[in-house]
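A note on names: the letters A, B, ... follow the listed sequences, proteins ahead of strands, and every chain is numbered from 1.
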Number of protein chains: 2
Amino acid sequence: MEMNHTLLKDHIGFTASTTSKMIRGLVNTTLKPFGITAEQWTVLKHLSFVSHINQKDLSKRTDKDQATLTKILDLLEQHRLAARLPNPDDRRSYFVEITEQGKKLVEEAMPLIESLYDDILLNLSSEQVETFMNTLQQIQSNIKKLK
Amino acid sequence: MEMNHTLLKDHIGFTASTTSKMIRGLVNTTLKPFGITAEQWTVLKHLSFVSHINQKDLSKRTDKDQATLTKILDLLEQHRLAARLPNPDDRRSYFVEITEQGKKLVEEAMPLIESLYDDILLNLSSEQVETFMNTLQQIQSNIKKLK
DNA sequence: CTAAATTAGTTTGTATACAAATTATATTTA
DNA sequence: TAAATATAATTTGTATACAAACTAATTTAG
């Protein structure tokens, strides 16, 4: 595809965004039978790795705004997949925990998500995947320096 | 960073998503003085390339859902940056056009966006950028085959 | 030529992103 | 220790993503 230099650069932002959307769409489709979204999965999966965590830290680890995380946790709690428990040492915050039901969901969905990523990365060599990750991280590093 | 194979693959989706968000955030900051968002910019820029276009085609080219595009165009129209004109040949659709004010905004903002992408891609060789784009497109191609 | 099917765009409803204001609680400082 | 400051979480308001229902107009089939 012919394209001048500037437009090509700009196009990278666009393609990164469309690709990201496509991956999210696929994850959403895979998780639909479980009744949760890709974003809720991100949060629930992180909860499955820790005994408990407060929302501030969870929001950093999952790259969710605190306000957004509040809504996501509301939904996870409604579906009995996670719970906010009182933190006895600081009444402003909660111990957020995954429930047994949440653990069961993660166990069942995890293989599907793993196989989905196998499919997404089909035909990509591990070297190409590594280079790709490095580029993403360099872009992130460049952006951080701009602030 | 140590990480098992599966988690690394999964991490690619996460990193692609965070990077995409960071780029969008930077574009939003750059466009804030102009009173438009990154998504509105995507649409307005495409309008600056054509004399007119219907919403169906515009939604495909900008990777916006038709419902989403409706709202974005409402905002662009409110700000007098774009206009919906009647299509004499098909009364279901519109000729969507950029206004003079819209063209002026694109002219003024374009150099800032260009320089922003220069900054984002700093220290990346053109070969690395090309490889990156190829990987994104291969991922997209893999996902399309899954449907 | 009319009924059925299709298409362009909008609307509605739910979820997420994010900035800004708010509340309740903790911590710091004067 | 009381007042000022900081922090965790929520709320509010606006924008976007997307599925599903809907409207109006066009096209196709019979």
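- Here B:Thr37 lies in heavy-atom contact (under 4.0 Å) with sugar-phosphate atoms only.
- Contact annotation: A:Arg84 side-chain N/O to D:dT10 OP1/OP2 distance is under 4.0 Å.
- One atom, CG of A:Asp65, and another, C1' of C:dA21, lie 14 Å apart when rounded to the nearest Å.
- Between A:Ile23 and A:Leu26, the closest side-chain pair of non-hydrogen atoms is not below 4.5 Å.
- Every side-chain hydrogen bond (donor to acceptor under 3.5 Å, both in side chains) that B:Lys103 has, sequence neighbours left out, goes to B:Glu100.
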Handout entry: Stepwise side-chain contact (heavy atoms from CB on, under 4.5 Å) test for A:Asp65 and A:Leu69
Key = CA-CA 6 Å; A:Asp65 188 89; A:Leu69 184 62; over 6 Å; no

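- With rounding to whole Å, B:Lys32 atom NZ is found 11 Å from D:dT14 atom C1'.
- Between the CG atom of B:Asp63 and the C1' atom of D:dA17 there is a distance of 10 Å, rounded to whole Å.
- When the side-chain nitrogen and oxygen atoms of A:Thr70 are compared with OP1 and OP2 of D:dT10, one or more of them lie within a distance under 4.0 Å.
- Side-chain contact of B:Ser93 with B:Asn87: a donor-acceptor pair under 3.5 Å is present, judged by distance alone.
- At whole-Å resolution of the value, CD in B:Glu39 and C1' in C:dC18 are 11 Å apart.
- By the 4.0 Å N-to-carboxylate-O rule, B:Glu97 lies too far from B:Arg84 to be salt-bridged with it.
- Rounded to an integer number of Å, the gap from A:Lys64 NZ to C:dC18 P is 9 Å.
- Note: CD1 (B:Ile36) to P (D:dA15) measures 13 Å, nearest angstrom.
- For A:Lys71 and B:Lys71, each mapped to the nucleotide of DNA chain D holding its nearest heavy atom, the one lying further toward the 5' end belongs to A:Lys71.
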Could you go through nucleotides 6-8 of chain D and list every protein N or O atom that sits under 3.5 Å from one of its N or O atoms, giving the distance for each pair?
from, atom 1, to, atom 2, distance (Å)
D:dT7, O2, A:Arg92, NH1, 2.7
D:dA8, OP2, A:Lys56, NZ, 3.3

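- Residue contacts shown for B:Leu69 are absent, as no nucleic acid heavy atom lies under 4.0 Å away.
- When each of D:dT16, C:dA17, D:dT11 is scored by its nearest atom to the side-chain atoms of A:Ala67, the top-ranked nucleotide is D:dT11.
- The CZ atom of B:Arg91 sits 16 Å away from the P atom of C:dT10 (whole-angstrom rounding).
- Counting to the nearest Å, the P atom of D:dC18 and the CD1 atom of B:Ile72 are 11 Å from each other.
- The aromatic rings of A:Phe95 and A:His52 sit parallel, their planes meeting at an angle under 30°, below the 60° perpendicular limit.
- Ring orientation note: the planes of A:Phe132 and B:Phe132 are close to parallel, at an angle under 30° on the 30°/60° scale.
- Heavy-atom distances to DNA chain C give each of A:Gln40 and B:Asp74 a nearest nucleotide, and the one nearer the 5′ end belongs to B:Asp74.
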